[in-house]
Amino acid sequence: MSHGPRWSVPKWMLGVALILGCDCSAAPPTRTCTGPEDCGASEVCVDERCVPRGEPDSGFDGGSGDDATTPRPDGGEGVDARTPSGCVPATCDDFDIDCGPAPDGCGGAILCGTCPSGQVCGGGADRGRCVTPACAPLSCGDYMGVNCGVVADGCGGLTESCGDCIAPEICGGGDTPNRCGGGVRTGPGCEGLCRNQVYCGPGAATTLSGRVFAPNGTLPLPNAVVYVPNAPLPAITNGISCERCEDEDLGAPLVGTVSDYDGTFELRHVPAGIAFPLVVKIGKWRRVVMIEPREPCSTTALTPEQTRLPRNRGEGDLPQIAVSTGSVDAMECVFRKLGVSDFEFTRPDGTGAIHLYRANGAWADAALRTTCGTNCTDRAPGSCSGSCPPHTLTTALMDDPARLASYDLAVFGCEATATTGVTRSNARRRVIRDYLDGGGRAFLSHYAYDWLFNNNEGPAPTLHTTAVWSGSTTTGVNSSRAFVDTGFPRGAIFWDWLVEVDAAATLAPPQIAITDPRFFVRDVAGGSRRWVHTVSGAAGHASHNSIQQYTFNTPVGAPDDMVCGRVVYSAFHVSGGSTGSATFPGHCSTAALTPQEKVLAFMLFDLATCVSGDEPPPPPTCTPRTCEALGIECGLAGDGCGGSIDCGPCPEGSACGAGGVPNVCSAPCPPLSCADHDAECGEVSDGCGGVLDCGDCEAPDVCGFSEPNRCGSLV
């Protein structure tokens with residue numbers, strides 16, 4: 001770059017010659033002029049003669065400087081600098097540049113413009129020219145293990161899509177940005193079984209597949225959480241608690257999924273080359289099995305024995321369940337058909353997972369029946385022919401809130417009556433309501449509706465407000481068809497499951513056959529969910545508009561993010577009637593589950609799941625990353641979940657990735673120094689859009705006296 005015009009004989013030599021009285025005939029000759037066009041590029045026209053710029057005759061008075069600011073020839077835009085009297089500043093045209101600052105030759109600097117967005121003031125051969133910085137864009141392949149969504153190309157833009165995930169995985173669902181849910185993790189946060197995950201390339205993974213089953217190993221179950229834990233599993237505590245799905249402690253899942261309507265699942269990116277635990281869980285039903293070491297990138301189909309829920313507490317965790325036995329609905333027998341071991345059914349003072357309380361149905365064991373006598377029920381205390389332990393009767397639950405609160409699930413079978421008074425007092429109804437509001441789960445069949453219908457004490461909304469009731473006078477019929485509601489996620493899964501397990505014909509619209517339907521409920525209300533209903537006049541339906549099955553969450557009326565408990569009411573008898581003289585398990589059929597019992601089975605496991613409104617347990621989720629978390633300073637970037645974020649522009653004079661570091665703002669050229677300009681004073685350009693201050697001169701020297709940005713004087 002030119003440093004501006006230079007004299008052949010510097011002024012300081014002329015000054016020395018005058019002082020010493022030397023012959024100055026060697027000074028350059030002068031020419032006459034009438035204007036600046038008659039003089040050369042390094043001269044100015046003064047008093048009709050051409051003199052070199054800065055000559056004393058051009059206006060310099062020999063002092064130490066001029067206090068006035070000389071206007072810039074280009075209109076004054078740029079750095080304000082004081083110039084010696086008679087020094088004419090250079091213009092941007094003199095330098096043939098279009099951006100950045102330049103020295104004005106008089107100790108100051110001029111600004112020659114800025115560059116448009118996306119361009120910077122160049123360096124090297126392009127110094128002073130607006131150029132688009134060179135940046136080599138990255139591709140998905142430059143990011144190790146990325147297989148979904150978009151990522152930053154390092155130059156301020158985005159790559160093409162890096163791929164899609166196979167459901168139920170989602171992009172980033174395994175807590176690794178831009179890797180399909182449950183993906184291989186890397187980096188300093190990778191501990192435990194994470195170190196045994198193997199990246200198998202796009203679309204491939206070390207995989208387990210199978211179906212989740214009830215304890216009997218034959219009935220498939222949807223909405224089960226299946227995962228590999230990467231930390232010790234938390235203990236499961238029995239009793240009511242307000243634990244929502246988003247709060248559930250699973251023990252740091254490494255990879256996880258949720259079983260489909262038919263119980264099937266596929267678990268990708270499991271550890272390879274080492275044995276590891278596999279968890280199958282629905283609420284407080286939880287079983288852990290060890291999986292033998294798998295070959296990297298292989299697919300293994302698990303057996304029903306490996307993927308069923310536990311039969312007893314020796315195999316895993318079971319919820320603590322209270323069953324109130326009724327004379328016409330042996331729901332305790334359905335648990336037995338589901339595969340729960342007989343020794344888990346005990347009287348309330350036993351160690352079993354299912355405690356049998358007698359209303360007017362079956363006894364827990366023969367010894368209790370003998371002690372109490374067949375007439376001893378919770379409806380007629382004092383009528384016992386023997387000494388009946390009161391804690392074995394259903395009234396023990398209603399009179400002791402702490403006892404009821406110790407159960408995860410309470411099941412009330414139909415007693416063929418809705419007797420009120422002592423048995424169903426308002427105080428006992430309040431105990432039921434408090435149990436449900438605190439996180440309890442309840443299944444009520446037919447005449448057990450009274451615990452809801454007459455539960456209308458206290459501020460609204462109450463349990464009564466969850467339905468529009470017909471009362472207890474409406475009679476039933478032997479059978480009817482009923483519609484299944486499929487307009488919400490759980491309902492759609494329910495219908496597909498019923499067809500899968502041969503509990504329903506593929507009728508349109510979806511319908512099932514019901515034995516012993518009852519018509520105590522006309523419609524749902526207060527945010528309740530209808531599952532099964534009849535329509536008067538529909539083919540095969542009874543002559544009633546009724547709700548045969550509905551659910552609601554508790555506290556009634558609470559928003560979805562504050563509900564804790566859940567209720568299922570079934571207007572039809574679920575299982576063939578037991579009698580008041582029966583003893584468990586003598587009254588239980590050994591036949592396969594009936595279609596109606598399968599309906600109960602679905603609802604029992606649905607009750608057991610974590611509470612989350614009408615949605616099934618959620619699949620893996622992804623938390624979008626921030627620019628700071630990704631270490632990205634500028635431009636567009638992927639958020640790790642398949643979307644994108646804008647990390648902002650670069651300051652003027654720099655560009656995203658221009659310095660060779662992806663997504664970091666940097667200048668595209670190395671800046672010059674004062675030495676590069678041979679400058680000892682004033683301001684000069686750094687060649688990259690910036691300004692350098694090279695200092696001041698000491699009097700009587702002034703900057704630019706004989707050479708641009710050099711100090712000099714006549715003295």
F605 and W285 aromatic ring geometry - parallel, tilted or perpendicular at 30°/60° bounds: tilted
Whether W531 and F494 hold their rings parallel, tilted or perpendicular, with breakpoints at 30° and 60°: perpendicular
Do [X] and [Y] sit within salt-bridge range, that is, some charged N less than 4.0 Å from a carboxylate O?
{"X": "K284", "Y": "D317", "answer": "no"}
{"X": "E332", "Y": "K337", "answer": "no"}
{"X": "D485", "Y": "R529", "answer": "no"}
{"X": "R211", "Y": "E500", "answer": "yes"}

N/O donor-acceptor pair under 3.5 Å between E344 side chain and A353 backbone: yes
N216 side chain to T218 backbone, donor-acceptor under 3.5 Å: yes
Under 3.5 Å, is there a donor-acceptor pair linking the side chains of [X] and [Y]?
{"X": "Y569", "Y": "T551", "value": "no"}
{"X": "R433", "Y": "N455", "value": "no"}
{"X": "Y435", "Y": "R441", "value": "no"}
{"X": "T609", "Y": "R490", "value": "yes"}
{"X": "R358", "Y": "T325", "value": "no"}
{"X": "H391", "Y": "Y357", "value": "no"}

Within 6.0 Å of CD in E292, more than 12 heavy atoms from elsewhere: no
